[in-house]
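Worksheet for the structure shown next.
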There are 2 protein chains.
Amino acid sequence: MQELKKNRNTLQRRIVLETVQNMTNHPDADTVYEKISKEHPLVSKATVYRNLKILAKQGLILHIPMLDGADCFDFNCLPHYHIKCRKCGGVFDVDLPYQKDICSKINRKRGFIIESHQIVFSGVCPDCQ
Amino acid sequence: MQELKKNRNTLQRRIVLETVQNMTNHPDADTVYEKISKEHPLVSKATVYRNLKILAKQGLILHIPMLDGADCFDFNCLPHYHIKCRKCGGVFDVDLPYQKDICSKINRKRGFIIESHQIVFSGVCPDCQ
DNA sequence: AATTTAATTGCAAATAATTATCAATAGCAT
DNA sequence: ATGCTATTGATAATTATTTGCAATTAAATT
């Protein structure tokens, strides 16, 4: 059976969640840590990494594994796609509707159980042009 | 002006290219290195990494940055999508037609210059079910 | 409220994947 | 053959993240 472990509502976890929810620009773990450590130098980097992971598993934030470089996190938990600027490295939302049916197509064809998909675009943002 | 540098046809580069072309299962850089070092212990790991990058830039192999873990490489250079099994970690081709028009849609909307896109599915392969 | 318990923390060290450094080597054009 | 410079090997450095572990602390159980 699955060992279920219950989450605790620690000060550090609340700080991490609140910080991500106040950052609208898809920060990576280290950026979240930098932001936090200015106001709460007591919080360690490992704790930030651990809590980002836990919060993402709880569904309170969205974990976006990037195609290159550091993974980033998003306060917006609705599934959506992203574009990464190859010049500034910034990650932005893409207003392409979520392709709900794209998985089932392949599912039938190949015998895979498909659980999720990511689309990451690469290009240059307006500011960097 | 662009400094153009001419590639040399070294023994090591030939070995790396040939090895990737004989591996049909989307190996990552380290796996390519392991394979090579059995038959050619003289080739260093850095050289394998460097040549994989150069060969991908030359268009002789395809570089697939993965959403998690190590990037992998593909002898099949035609653009196509992949699925990664979350149990065995294997990467497989997906027979979804390449979405040529998906970029231009967003292009118009947002002012981005979109250069490429990746779709990576996640799930469980037939063998791991 | 006191006690038990197990999740969580901080710190440092470990890991994984890749890149940089740099002197030595070796393709290739002349 | 000579010279230029891309490339190599070995190792150190970097980047992003995870882990080990003793100490701490939130929450369940007396």
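Throughout, a chain's letter reflects where its sequence line sits, starting with A, and its residues are numbered from 1.
- In summary, A/Asp30 and A/Lys45 engage in a salt bridge, as defined by a charged side-chain N under 4.0 Å from a carboxylate O.
- Ring centroids of A/Phe112 and B/Phe121 are separated by 6.0 Å or more, keeping the two rings apart.
- The side chain of B/Ala46 lies closest to C/dA20, out of D/dT19, C/dT18, C/dA20.
- In the set D/dT7, D/dT17, C/dT8, D/dT7 carries the atom at the smallest distance from any side-chain atom of B/Asn7.
- Distance from the side chain of B/Arg13 is smallest for D/dT8 among the nucleotides D/dT8, D/dT17, C/dT18.
- For the pair B/Leu52 CG and C/dT18 P, the computed distance is 9 Å after rounding to whole Å.
- Atom CG of B/Leu11 is separated from atom C1' of C/dA26 by 11 Å (rounded to the nearest Å).
- The CD1-P distance, from B/Ile15 to C/dA26, rounds to 14 Å in whole Å.
- Distances shorter than 4.0 Å separate none of the side-chain N or O atoms of A/Tyr49 from OP1 or OP2 on D/dT18.
- Ranking C/dC28, D/dT18, D/dT8 by closeness to the B/Arg8 side chain, first place goes to C/dC28.
- No side-chain donor-acceptor contact under 3.5 Å links B/His82 to the backbone of B/Asp93.
- As a whole-Å value, the separation of B/Asp28 CG from C/dA16 P is 12 Å.
- For C/dA7, neither phosphate oxygen OP1 nor OP2 lies less than 4.0 angstrom from any side-chain nitrogen or oxygen of A/Thr10.
- Toward the 5' end of DNA chain C, the nearer of the two residues B/Ala29 and B/Arg14, judged by each one's closest nucleotide, is B/Ala29.
- For a distance-only test at 3.5 Å, the side chain of B/Arg50 qualifies as a donor-acceptor partner of the base of D/dG9.
- A donor and an acceptor atom, one from each side chain of B/His80 and B/Asp74, are located under 3.5 Å apart.
- Comparing atom distances between the A/Thr47 side chain and each of D/dG9, C/dT8, C/dT9 picks out C/dT9 as nearest.
- Atom NE2 of B/His40 is separated from atom C1' of D/dG9 by 16 Å (rounded to the nearest Å).
- B/His26 has its ring centre no less than 6.0 Å from the ring centre of B/Phe75.
- When heavy atoms are screened at a 4.0 angstrom cut-off, B/Asp30 is found touching no nucleic acid atom at all.
- Between C/dA26 and B/Gln12, no contact under 4.0 Å exists linking OP1 or OP2 to a side-chain N or O.
- When rounded to the nearest whole Å, the span between NZ of B/Lys45 and P of C/dA20 equals 17 Å.
- The interatomic distance linking B/Leu55 (CG) with D/dT7 (C1') rounds to 13 Å, in whole Å.
- When rounded to the nearest whole Å, the span between CG of A/Leu42 and P of C/dG10 equals 6 Å.
- Residue B/Asn51 is in sugar-phosphate contact alone, with no base atom involved, counting any heavy-atom pair closer than 4.0 Å across all strands shown.
- Residue A/Asn9 is the one, among A/Asn9 and B/Lys53, whose nearest nucleotide of DNA chain C lies closer to the 5' end (criterion: closest heavy atom).
- Scanning both residues, A/Arg13 and A/Gln58, for their nearest heavy atoms gives CD-OE1, 4.2 Å.
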